[in-house]
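Worksheet for the structure shown next.
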There are 2 protein chains.
Amino acid sequence: MKMPEIDDFDLKILTLLQANGRLTNQELSDLVGLSASQCSRRRIALENAQLILGYHARLAPQAMNVEMVAMIEVRLVSHGVEHAERFQRIVVEESAIIDAYKTTGDADYTLKTAVADLASLNQLMGRLFASNCIGHIKTAVVLERIKENSVLTH
Amino acid sequence: MKMPEIDDFDLKILTLLQANGRLTNQELSDLVGLSASQCSRRRIALENAQLILGYHARLAPQAMNVEMVAMIEVRLVSHGVEHAERFQRIVVEESAIIDAYKTTGDADYTLKTAVADLASLNQLMGRLFASNCIGHIKTAVVLERIKENSVLTH
DNA sequence: GGTGAAAACATCCAAGA
DNA sequence: TCTTGGATGTTTTCACC
């Protein structure tokens with residue numbers, strides 16, 4: 001689990017695996033110019049160093065019937081610890097919440113949510129309000145996905 | 001590329017692959033209760049039906065030196081087609097922009113961006129403004145990632 | 001950092017339910 | 001029609017160079 005020196009080969013492996021997480025070591029070998037066993041070893045080292053956190057299939061929204069995305073900005077009723085903790089617990093439990101960030105600015109938190117339809121979104125907001133720790137919510141429904149989950153680049 | 005009937009086995013395969021995109025067909029076999037060859041066939045069918053859009057390694061932010069996330073709300077100067085098209089072209093080109101959504105509400109677009117630091121964020125905003133199609137920007141810097149890229153559930 | 005071999009794996013196909 | 005198990009080529013990974 002030690003932090004390895006990360007060279008250009010590693011960077012290329014990271015970039016390639018981010019674009020295609022099922023590349024074989026043999027395919028990586030051709031693409032980066034190292035032997036397959038070397039790619040295997042480097043990949044495992046990157047995983048152990050927690051630079052690769054996981055591998056995931058990206059699903060079409062309709063695969064899970066969550067074709068509606070909404071961005072929700074939340075302001076808590078107070079900035080006390082107990083309200084923040086209660087809210088964060090709900091955020092973690094709610095499977096419709098994909099991203100949750102504590103942010104600077106007018107809102108305290110910004111959420112990205114994926115639901116089936118407006119009725120589900122309404123129910124989700126009801127559950128959030130029911131926690132009695134939310135002062136104000138501003139919701140923006142996504143009309144068009146211009147770009148989504150694009151790869152990180154250096 | 002036809003749309004298959006999606007049964008509980010398929011749903012389980014989708015869920016498992018979303019959580020671990022490198023599961024082997026043999027591992028899937030144990031987890032869903034079908035033979036490995038059957039899992040292989042179903043997985044390929046789900047890929048062909050575009051319900052699985054791809055497989056990706058999830059990287060640690062520090063792997064690509066983009067440890068700062070900011071949410072940016074953009075309002076265009078006008079709602080004319082030429083401004084929208086110019087803005088969307090920039091959004092697609094800018095690799096720091098991870099998500100870009102056209103939304104309802106005060107803003108026209110909501111962006112999620114990943115950059116190295118405040119200086120890079122400042123430069124990014126400069127490039128956005130330089131397009132002369134932006135009327136107003138509201139930026140919220142992420143202080144804490146409560147939850148990120150969690151799996152879609154039905 | 002590469003090689004080669006053993007074990008594990010993916011996928012195709014024939015045949016059964 | 002949907003599923004299975006075995007055959008075959010591929011891939012991973014490890015000891016060794």
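Reminder, nothing fancy here: chain letters follow the sequence lines and each chain counts from 1.
- Residue Q38(B) has no polar side-chain atom (N or O) positioned under 4.0 Å from OP1 or OP2 of dT4(D).
- The separation between D30(A) atom CG and dG2(C) atom P is 13 Å, rounded to whole Å.
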For nucleotides 12-17 of chain C, just jot down a letter per nucleotide in 5' to 3' order: B, S or -, based on protein non-hydrogen atoms under 4.0 Å. B-----
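- One distance of note links CG of L59(A) with CD of Q50(B); it measures 12.5 Å at 0.5 Å rounding.
- As rounded to whole Å, 7 Å separates atom P of dT11(D) from atom CD of E27(A).
- Between N25(A) and dT12(D) there is a side-chain polar atom (N or O) within less than 4.0 angstrom of OP1 or OP2.
- Listed candidates were dG1(C), dG2(C), dT4(D). Nearest to the side chain of S35(B) is dT4(D).
- Side-chain contact, N149(A) with R58(A): no donor N or O sits under 3.5 Å from an acceptor N or O.
- Between R42(A) and Q26(B), the residue whose closest nucleotide on DNA chain C is further toward the 5' end is R42(A).
- Between I13(B) atom CD1 and dC2(D) atom P the separation is 14 Å, expressed in whole Å.
- Between the CG atom of N48(A) and the P atom of dT13(D) there is a distance of 11 Å, rounded to whole Å.
- Atom CZ of R22(A) and atom P of dT11(D) are 13 Å apart (whole Å).
- Interatomic distance, I52(B) CD1 to I13(B) CD1, rounded to the nearest 0.5 Å: 8.0 Å.
- What separates OH of Y55(B) from C1' of dA10(C) is a distance of 13 Å, to the nearest Å.
- Taking atom CG of L23(A) as the reference point, atom C1' of dT11(D) lies 13 Å away to the nearest angstrom.
- Comparing T24(B) and F9(A) along DNA chain C, the residue whose closest nucleotide (by nearest heavy atom) sits nearer the 5' end is F9(A).
- How far CD1 of I146(A) is from CZ of F87(B): 8.0 Å, rounded to the nearest 0.5 Å.
- In terms of phosphate contacts, R41(B) brings no side-chain nitrogen or oxygen within less than 4.0 Å of OP1 or OP2 of dT4(D).
- Spacing between atom CD of E47(B) and atom P of dA10(C) amounts to 12 Å, rounded to whole angstrom units.
- In this structure, CG in D10(B) is found 8.5 Å from CG in L51(B), a value given to the nearest 0.5 Å.
- Inspection of the T24(B) and E27(B) side chains reveals an N or O donor paired with an N or O acceptor under 3.5 Å.
- Counting non-hydrogen atoms of other residues, nucleotides and ligands closer than 6.0 Å to CG of D7(B) gives a total above 12.
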